[in-house]
Amino acid sequence: MAIIEVERLWHIYPGNICALRGVDLQIEEGSIVAIIGQNGSGKTTLVKHFNGLLRPTRGRVLVEGEDISTKTVSQLSRTVGYVFQNPRHQLFCTSVEAEVAFGPRNIGLSEEEVKDRVTDALEFFGISKYRNEHPYSLSMGLRKLVAIASVYSMHPRVMVLDEPTTGLDHIGVDRISIAVEQMSKKGCTIVIITHHMPFVAENAERVVVMAQGEIIADETPRKVFSNMNDVLKKTNLSPPQITELACRLSEFRFPREILTPREMCEALAGRLIK
Amino acid sequence: MCIVKVEDLYYNYPDAPNYALEGINLEVNEGEFVGIIGPNGAGKSTLCLTLNGLIPHSIGGKIKGKIVVAGMNTLENPVSELALHVGLVFSDPESQLTQLTVGEEIAFGPSNLGIPKDEIFRRVKEMASLVGLENMLDRSPFSLSGGEMQRLAIASVLAMHPQVVILDEPTANLDPIGAKEVFTVVKNLKEKSKMTVLIVEHQIEYLAAFADRIVAMYNGKIIMDGKTKDVLRDVDMLAKIGVKPPQVMEMSKLVLSKYNVSLNEPLTVEEAYNVLVKRLK
Amino acid sequence: MAETGFYRKGNSVFHNADPRMKIAWMLTVSIIVYIFFNPTIPLILAVLSLLMLVWSNKKFVIQNPVAKALLIGCVSSLIGHSFVNPQGVTPIIVFGSTISLPFFGSMKWEGLYIGATWAFRLLAIGYTSLLLVSTTRPRDFMEALVKLKVPFRFSFMALLSLQLIQVFDRDARIIVDAQRSRGLKDVKITDKIKALLPLFTPLVVGSLERIQIMSMSLESRAFGASTKRTELREMKLGTKSYLILALLIGITVMMLGYRLTGDLNWMDRVRSLQSLFIPPEF
């Protein structure tokens, strides 16, 4: 069942800037989709239609099978959660607890329920011990987790993560990967906008590539990254380093669809001259 | 010639009980390109701020030890004097830009020092070319892309003609194209000038390709300090401090441990390719 | 960025004039309108300034919200004082009857006189200020201030505030979107009040972070190092400018001198629209 559907979607910004040119997309419930492309490719514009932050110039957006043109952003926030790139645009409370309680309170849950949601969300992301800390006293990685938790506590069916890994070190990125995995296990649909190719390689099931307002590829990470010459060249993006190496070795009938160093190592088995 | 010398540096932020920098010893020679790596909170930015005097003069805190940059003791000289010798570029491009045009932004630093107008105009042209913004001198900084803004920030720092340039996570807030632009500028700096460059980065694959030397920090201390290859080959130590080596290096380590074949610890795709071409049946 | 503040591009004589001249004109007008108490002199100066504004940028006066606000202020003053000012004694009679409002009483000549004086003073000063800011690029304005010995730091701060307005505007939009995405409602007034904290806190914190980096970046480039900053632009006043300045000063002094003989106030003799602007003895 497609939980989000976009039909012939056009979006033209004031000043005649065409950001989306008749985009069609279906996102299956429970999937993890990465949307990649250069700035200006339309990926952020597309994703902002999912929760009503932007409205179509032409075309339709359907969430849970219903056209959302009559619903407000705050109504849609129950179904589609959107975590902004910079936590400082969302975090404003003096404690992590209050921050995570904000969303559930807004959708009108009882105080009892809100308390439960907060405790659950904090445990879920492994940040219970920071419950009473001020969000700004935490490292960037933890702050990002708090931001994600504060949206997840509304239990939306879809979570949109806008550049969840910028500014994070390796440990921080790992934490986000774990969070994505956890949420997906619970049946949440996850849409990630990112530039971090290794992160996409490790977490996404499906990669949608955009350029100049159109979807130019929609495949598994393996297929997208091993197609270095076509798709990625058009977008000026680079695949993970190891995939690039595998592709260059394809003249030796070496498999191109390698995503991690470990896979590369396996692929070299038996082929190396000692 | 030693251009940066840090001896037994200990530093606490104001009202902070723990050391932000603990027992730092570092020597950098003129012309070196040093990459600084480590997890968030390791003290990398703090170290950068001590090298141009912002710590302790502007930020305060408790500092012990000796820091000499380009022959000047940072504890005894004001930031404005040190600015002639050390330039610092921050990770948020927009916050560094305050003037109304690209040209004026580059001219800002030298103007503050009362450098003659003709000299300033010359420097503006020179630096704008260096970073590829020579056709945008009249544009407003806010109309630029992220990569362009950061290049402008770099140009405005270079206009002071420092001998050392420090870049603190310059590409953290940029998209891949912007990051590439900045890396190209920094690469040109290294290849075409005698400038000493210190760059804090998480993009290990870039550092692997260009840095002469890597300094790894963790918990306020320098854990590793050596030639790029020597540091990046120690994947176990890197894992302990939460840093990932380049994927090709990781792969070569796996191959070594599993099949006992050495791939010469490649740092880049090019190196790995060359080695594998010879090794593949 | 070109639209930050009030500046509108153009090539009129006012756009190209040295900002110091425009500042001088604004000061002259501001002083002269206060020397005498009558609506005529301010009206003349207001009309003159309006003509200058239209000459420099035809659509500005119609489009700019401040220009419109000035007109609203002008009309409010006229009407307000006419009805309520206690110095008003003589009722205005039109077609045989007074103009009156329940509770406010009737319009009086003296009140109208006072109202008109203040209204046109407002317009005159307002329009000259608008002329100054709409025809002067912020950086030229800054350089003029520096030449007038205003410390660089102050003009720098003024300029920065202008830029930060744009930044805040952009950030505020993102924050509103971000919080709405967390279910924040902002339909009813009570909602809007509750929304203040989640909307303002991120804005303020973001600004603080930004300011911290900005100040470090500025210091690292020797901001404030010496008072002898290099001036990058030539701004010399020619002979013509000095003559005009001398003329302005001369007129102002003359007016001040004339004030000693009387304040040109004919409020007590106003009995008609004509006598509002031209004293009866003419």
Side-chain angles (χ1 to χ4, degrees), chain A residues 36-41 43 85-86 138-143 163 165-175 194-198 201 232 235-249 251-254 258-274, chain B residues 37-42 44 91-92 145-147 169 171-180 202-205 208-209 235 238-239 241-263 266 268-281:
Chain A
I36 66 176
Q38 284 295 355
N39 278 7
S41 57
K43 56 188 199 301
Q85 179 174 345
N86 198 328
L138 303 175
S139 70
M140 190 49 152
L142 288 171
R143 246 186 270 173
E163 302 276 4
T165 60
T166 24
L168 297 184
D169 58 7
H170 172 48
I171 301 171
V173 173
D174 273 352
R175 279 210 187 95
T194 182
H195 291 131
H196 197 311
M197 298 309 154
L232 291 177
T235 57
N236 230 314
L237 294 171
S238 309
Q241 195 184 50
I242 207 78
T243 317
E244 195 182 329
L245 178 63
C247 288
R248 283 195 58 184
L249 290 169
E251 55 188 287
F252 294 93
R253 271 175 286 141
F254 200 83
I258 302 277
L259 288 182
T260 65
R262 191 159 290 274
E263 284 179 22
M264 182 68 149
C265 179
E266 308 288 312
L268 285 168
R271 296 191 61 174
L272 289 167
I273 308 166
K274 289 219 179 182
Chain B
I37 63 177
N40 284 356
K44 314 186 291 292
S91 61
D92 182 10
S145 71
E169 296 199 41
T171 64
N173 293 313
L174 301 179
D175 60 346
I177 283 188
K180 215 179 263 183
H202 286 304
Q203 302 247 33
I204 202 96
E205 283 154 16
V235 291
L238 289 176
I241 64 173
V243 174
K244 249 194 168 159
Q247 287 186 320
V248 291
M249 175 67 79
E250 200 182 327
M251 177 237 359
S252 81
K253 288 289 174 179
L254 287 169
V255 165
L256 184 66
S257 68
K258 235 186 160 176
Y259 309 120
N260 219 354
V261 177
S262 163
L263 295 178
T268 63
V269 172
E270 201 59 48
E271 281 180 33
Y273 177 77
N274 291 334
V275 172
L276 283 173
V277 157
K278 296 197 194 104
R279 294 279 199 191
L280 280 175
K281 296 190 244 201

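Just so you know, these numbers come straight off a predicted model, no measurement behind them. By convention in this document, chain letters (A, B, ...) are assigned in the order of the sequence lines, proteins followed by strands, and residues within each chain are numbered from 1.
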Heavy-atom proximity to chain B below 4.5 Å, by part of A/R262: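 Contact with chain B: backbone and side chain both.
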
For the CG atom of A/D169 and the CD1 atom of B/I241, what is their distance to the nearest 0.5 Å?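 One finds 10.5 Å between CG of A/D169 and CD1 of B/I241.
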
With a 4.5 angstrom heavy-atom cut-off, which part of B/T268 approaches chain A: side chain, backbone, both or neither?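 For B/T268, backbone heavy atoms alone lie under 4.5 Å from chain A.
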
I need the residue from B/S262, B/G242, B/A172 with the largest number of non-hydrogen atom pairs under 4.5 Å to chain A.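 Option with the greatest count: B/G242.
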
Chain A contacts, top residue of B/E250, B/M249, B/E205 (heavy-atom pairs, under 4.5 Å):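 Sorted descending by pairs with chain A, the first entry is B/E205.
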
Between B/K244 and chain A, with a heavy-atom cut-off of 4.5 Å, which part of the residue counts as in contact: side chain, backbone, both or neither?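 Both backbone and side chain.
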
Select one option (side chain, backbone, both, neither) describing which atoms of A/E263 are under 4.5 Å from chain B's heavy atoms.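 Neither part; nothing is under 4.5 Å.
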
Shortest non-hydrogen separation from B/M251 to A/C265 and the atoms involved: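 Between these two residues, the closest heavy atoms are CG-N, 4.3 Å.
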
Taking every heavy-atom pair that is under 4.5 Å apart, which of B/L276, B/L263, B/I37, B/V243 has the most such pairs with chain A?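 Of B/L276, B/L263, B/I37, B/V243, B/L276 has the most heavy-atom pairs under 4.5 Å with chain A.
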
Would you mind telling me which of A/E163, A/H196, A/Q38 has the largest number of heavy-atom pairs within less than 4.5 Å of chain B?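 With the most close heavy-atom pairs to chain B, the winner is A/Q38.
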
Heavy-atom closest pair, residues A/M140 and B/N40: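 Minimum heavy-atom separation between A/M140 and B/N40: CB-ND2, 4.3 Å.
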
Among the listed options A/N236, A/T166, A/L249, the residue most often paired with chain B at heavy-atom distances under 4.5 Å: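 Looking at each of A/N236, A/T166, A/L249 in turn, A/L249 comes out on top.
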
Compare every heavy atom of B/Y273 with every heavy atom of A/E251, then report the nearest pair and how far apart it is.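 Looking at all heavy atoms of both residues, the closest pair is OE2-OH, 2.6 Å.
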
Measure from the side-chain N and O atoms of B/E169 to the backbone N and O of A/G167, and report whether any donor-acceptor pair falls under 3.5 Å.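 A pair under 3.5 Å: no.
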
Under 4.5 Å, counting heavy-atom pairs only, tell me which of A/H195, A/M264, A/Q85 racks up the most with chain B.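 Option with the top pair count is A/H195.
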
So do B/L254 and A/P261 actually touch side chain to side chain, heavy atoms under 4.5 Å?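 Of all side-chain heavy-atom pairs linking B/L254 with A/P261, at least one is under 4.5 Å.
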
For the student: nearest non-hydrogen atoms of B/P39 and A/I171, plus distance: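 Looking at all heavy atoms of both residues, the closest pair is CB-CD1, 4.2 Å.
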
Minimal non-hydrogen separation, B/V248 against A/Q241, with atom names: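 Shortest heavy-atom contact: N-OE1, 3.1 Å.
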
Is there a side-chain contact (heavy atoms from CB on, under 4.5 Å) between B/Q247 and A/L245? Walk through the geometry before answering. CA-CA 10 Å; B/Q247 287 186 320; A/L245 178 63; over 6 Å; no

Structural part of B/K180 lying under 4.5 Å from a heavy atom of chain A: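 Only the side chain of B/K180 comes within 4.5 Å of chain A.
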
